[in-house]
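Take a look at the structure below.
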There are 2 protein chains.
Amino acid sequence: MDEALSACQYVLMNDAANPIKAVLGAGLGAAAAHNRRAVIDAIRVNGPLSRADLARATRLAKQTLSNIVEELETSGLLVACDPVTEGRGKPATPYDLAPMGALSVGVQIDRTVARTVVMDLRGAVLSRRDAPLRSRDPEAGLKLVTRLLADTRAALAPDVRGRIVGLGIAMPGPFGPDAPATRDDYTMAHWRGAGLAAQLHAATGLEVALQNDAAAAATAERLTGRAHGLRDVVCLYLGYGLGAGLILNGELYGGRHGDAGEIGMIPLPGSDTLLEHQVALAGFCETFAVPMADPRMFARIEAVLTRGGPALDAWIDRAAAGLGWVAQMLALVTDPQAVILCGTAPRPLLERLTQAVNAAAPRVALQLGHADPWVVAMGAAAEPIARNFDPKYAALLKS
Amino acid sequence: MDEALSACQYVLMNDAANPIKAVLGAGLGAAAAHNRRAVIDAIRVNGPLSRADLARATRLAKQTLSNIVEELETSGLLVACDPVTEGRGKPATPYDLAPMGALSVGVQIDRTVARTVVMDLRGAVLSRRDAPLRSRDPEAGLKLVTRLLADTRAALAPDVRGRIVGLGIAMPGPFGPDAPATRDDYTMAHWRGAGLAAQLHAATGLEVALQNDAAAAATAERLTGRAHGLRDVVCLYLGYGLGAGLILNGELYGGRHGDAGEIGMIPLPGSDTLLEHQVALAGFCETFAVPMADPRMFARIEAVLTRGGPALDAWIDRAAAGLGWVAQMLALVTDPQAVILCGTAPRPLLERLTQAVNAAAPRVALQLGHADPWVVAMGAAAEPIARNFDPKYAALLKS
DNA sequence: ATGATTAAGTCCACCTACTGGACTAATAAT
DNA sequence: ATTATTAGTCCAGTAGGTGGACTTAATCAT
């Protein structure tokens, strides 16, 4: 990921001779912006809230909240619900996030398919669209993705098209300079040099953010899933490979290059296999001779699961051992509130793995999250929503 | 760690019936407080800076900075340096952190010893003090620590005594409810229930913060060591056990209970040893029959090192393998800018381990940090300085 | 030497966004 | 009917960052 695209707390003065590294200052405007985010977040986490509730929750003055809510309502981000009377006193008017208050487009670029999703402020999916992709040809792929995005936007009612706040892209990582250079279909490394984000920005005019698929899945899990409203969460993502999205201090943690959570590449001590080989779908498909490019791959995996048998049991045991181990390890490293397993994988498989892991009575139980081919695309779409509307440190600083 | 003692972004309304979880709002005052922190941090990271430099770096108006600098100068936190003329224009007056501008006391409570350190705003150590401790007896230990702290403060000049901003405590973790209950000398688990922080707060009247030793070491490394000015750092800490302090997004990351980084307890897959048994000082002392309670333990370890021999080589190899593995793993998980090894251990041992790890050409080279019996105490003292003067999210929010 | 240019820092009037208290509105308990 | 309680508005006040004009002190060009 371009560093410029990630939130950047320290700013290097480009004074050439004398670069000064410093945290940006905070001004009135930044505080105001933050307070709007805090309101939206509070409503997303708690459901509809009245101005009085919001004032208490944020510790801001009633008046301040009155102003903010009014402003958000007129700009179409909040809608008033019916007044509710609870005990004595004047009935409160709760406000909820406006359906379509803001829209976001997400695109997942995967080995064999591109998927787009349109999501609104509440995290509701408004439309889905996909198209087969040949991962060997990024040029043609880019064209296809561009067209898919154009179609996706064209299908929106003209009056809401202007409410799109950004484009999220998700694809397999890692993106940093240390990423392995093997340019095969599996890692999709040859897509990355292409300035994908810049090109899609040019093609769409939208603000663009690039995440790896595990980070995207965690973003989805945070906006609409099990990680909703939690502060510290490990979100394991099982797809072709294995990754983790880390939510730390209430924000997705990316690290220096956005490559945090690349746990698939952890070497198992005392052997030269990688964790990923033992746990992810690629290994499953290899073991059970399911062709990964097959559009009916999910159905075939489910068939293997229902058929059962000792080979399957053995695979599950081995995978659960690896998964349980990495879950415990990440729990020790990050001391989280929850560990979630989600994935682009058939739900029965994730269910079975979750049960197998939890059967070993780990310190932190594994929770089952989204098991859906669309998680990553949803997470991609969730990113611009989070970027624009979630409270975060960077939103409190200048510029 | 009491959750109340850790920075808490989400606040639970104690409305009993209807708890609302929300991020606090931001006000004028919080922004002002943040800007003061940003100034102090910028000077700490870059060295003396003029008002103009600071204005550019923080993107605040010249005037704003003039006000802030004046205020910080009169409150004794900054001092003007001699004006420097650089090319054309009026010479700039750089400001530096005032020696003794603020003081902090740190106490390390270890298995056999208690150490106190007084540190100033710049991270300079003003005094050290230690006393032997019998870890079996927390009651007597608490008295001893209290006396040690009283002595430490009494030895300060009366006019600076009022400048103490807090008391940092560091001791072996973990602190969370999942911590193993074995109450032996090694884990010091029986110290933890004692409400240590609360009691020392009562005894000293100072604001108290409790960290595990690895977190403290990372805090020291951040204020005065290799992690200075970096945003994402893994700091491995080798003492009796092995731990990690994680600096993520420029702040020490603690997790739910302040137990993040407890990597010593990671089980090595396919065996039932813990990582710690392979890497830390406890294992070394056992292997080479060095009594851990011996006050001359360091010298004896160094003797083993200089003597050398195949047993030593084997131990180093095994430890370096474990250390290198965990360093790589944490680098994959957190995608950091640097991985640092520090410890309460003889410098030659850490040097040798660092070399052995780097000989294997890891993706991220291990850097040698503080190797000093006083790191943890220094880190304990650094915490209140960081808490009061480092820019952080929480400082921008209400109350 | 003298004036032009550049940069640091001050002065001062201004603006923005949060604040606190008085006030109104609507409901429940007595 | 009266009182208590809570939601929400009105309005004047305040804190703190802002922007532009101005002063000071250096270098550079002539």
Side-chain angles (χ1 to χ4, degrees), chain A residues 13 15-18 20 24-39 48-73 78 80-95 395-399, chain B residues 13 15-18 20 24-39 48-73 78 80-95 395-399:
Chain A
M13 291 294 300
D15 210 343
N18 184 30
I20 298 177
L24 297 177
L28 291 287
H34 167 82
N35 290 338
R36 273 129 194 93
R37 287 170 184 256
V39 166
L49 294 175
S50 68
R51 300 172 190 217
D53 287 334
L54 288 165
R56 278 188 296 267
T58 58
R59 311 254 177 107
L60 292 167
K62 270 188 303 182
Q63 182 56 47
T64 305
L65 257 120
S66 227
N67 299 339
I68 292 174
V69 167
E70 190 186 349
E71 183 197 311
L72 292 178
E73 190 182 18
L78 294 185
C81 307
D82 293 330
V84 292
T85 94
E86 253 181 23
R88 289 188 179 184
K90 178 171 169 177
T93 310
Y95 286 80
L396 268 160
L397 307 179
K398 287 261 153 181
S399 181
Chain B
M13 291 294 299
D15 209 344
N18 183 30
I20 297 178
L24 297 176
L28 291 289
H34 167 83
N35 290 339
R36 276 131 193 88
R37 287 168 185 256
V39 165
L49 293 175
S50 68
R51 299 171 191 218
D53 287 333
L54 288 164
R56 276 189 296 268
T58 58
R59 311 254 176 109
L60 292 166
K62 270 187 304 181
Q63 183 55 47
T64 305
L65 259 122
S66 227
N67 299 338
I68 292 174
V69 167
E70 189 187 349
E71 184 196 312
L72 292 178
E73 191 182 16
L78 295 186
C81 308
D82 293 329
V84 291
T85 94
E86 253 181 24
R88 291 186 176 183
K90 178 170 171 177
T93 309
Y95 286 79
L396 269 161
L397 307 179
K398 288 261 153 182
S399 210

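Numbered from 1 within each chain, the chains take letters A, B, ... in sequence-line order. Just so you know, these numbers come straight off a predicted model, no measurement behind them.
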*asked:* Quick check: on DNA chain D, is the nucleotide nearest Gly89(B) upstream (toward 5') of the one nearest Ala33(B), or the reverse? Name the residue that is more 5'.
replied: Ala33(B)
*Would you say Ser50(A) reaches dG8(D)'s phosphate, i.e. side-chain N/O to OP1/OP2 under 4.0 Å?*
yes
*Closest nucleotide of DNA chain C for Ile68(A) versus for Arg88(B): which of these residues is on the 5' side?*
Arg88(B)
*Using a heavy-atom cut-off of under 4.0 Å over every strand shown, decide if Asn67(A) touches base, sugar-phosphate, or nothing.*
nothing
_I need the CG-P distance between Leu49(B) and dA7(C), as an integer number of Å._
18 Å
*Starting at CG of Leu28(B) and ending at P of dG16(D), how long is that distance when rounded to a whole Å?*
7 Å
*For Thr85(B) and dA26(D), is the shortest distance between a side-chain N/O and OP1 or OP2 below 4.0 Å?*
no
*Expressed in angstrom and rounded to an integer, what is the separation of Leu396(B) atom CG from dG16(D) atom C1'?*
14 Å
_Distance below 4.0 Å between Ser66(B) side-chain N/O and dG9(C) OP1 or OP2_ = no
*Would you check if there is a donor-acceptor pair between the side chains of Thr64(A) and Asn67(A) at a distance under 3.5 Å?*
no
*Can you tell if the side chain of Leu397(A) reaches within under 4.5 Å of the side chain of Arg59(B), non-hydrogen atoms only?*
no
*Taking all non-hydrogen atoms of both residues into account, name the closest pair between Pro48(B) and Pro94(B) and its distance.*
CB-CB, 3.8 Å
*Side-chain N or O of Arg56(A) less than 4.0 angstrom from OP1 or OP2 on dA7(D)?*
yes
*Considering heavy-atom distances to DNA chain D, does Arg51(A) or Ala61(B) have its closest nucleotide positioned more toward the 5' end?*
Arg51(A)
*When you measure from the side chain of Leu60(A), which nucleotide among dT10(C), dT19(C), dG9(C) comes out closest?*
dT19(C)
*Taking only side-chain nitrogens and oxygens of Thr93(B), does any of them come within less than 4.0 Å of OP1 or OP2 of dA8(C)?*
no
*Would you tell me if any nitrogen or oxygen in the side chain of Lys90(A) comes within less than 4.0 Å of OP1 or OP2 on dC23(C)?*
no
*Less than 4.5 Å apart, any side-chain heavy atom of Arg56(A) and any of Asp53(A)?*
yes
_Gap between atoms NZ and C1', on Lys62(B) and dT24(D) respectively (whole Å)_ = 12 Å
_Given dA17(C), dG20(C), dT18(D), the nucleotide with the shortest approach to the side chain of Gln63(B)_ = dT18(D)
*Take the protein atom CZ of Arg59(A) and the nucleotide atom P of dA17(C), then report the distance between them rounded to whole Å.*
24 Å
*asked:* In whole Å, I'd like the distance from the CD atom of Glu71(B) to the C1' atom of dG17(D).
replied: 13 Å
*asked:* With heavy-atom distances below 4.5 Å as the criterion, would you say the side chains of Leu78(A) and Val39(A) are in contact?
replied: yes
*Can you tell me how far P of dA8(C) sits from CG of Asp53(B), to the nearest Å?*
7 Å
*So what does Leu65(B) hit on the nucleic acid, given a heavy-atom distance under 4.0 Å: a base, only sugar-phosphate, or nothing?*
nothing
*Considering only heavy atoms from C-beta outward, does the side chain of Thr58(A) approach that of Lys398(B) to under 4.5 Å?*
no
*What integer distance in Å separates Glu70(B):CD from dA8(C):C1'?*
15 Å
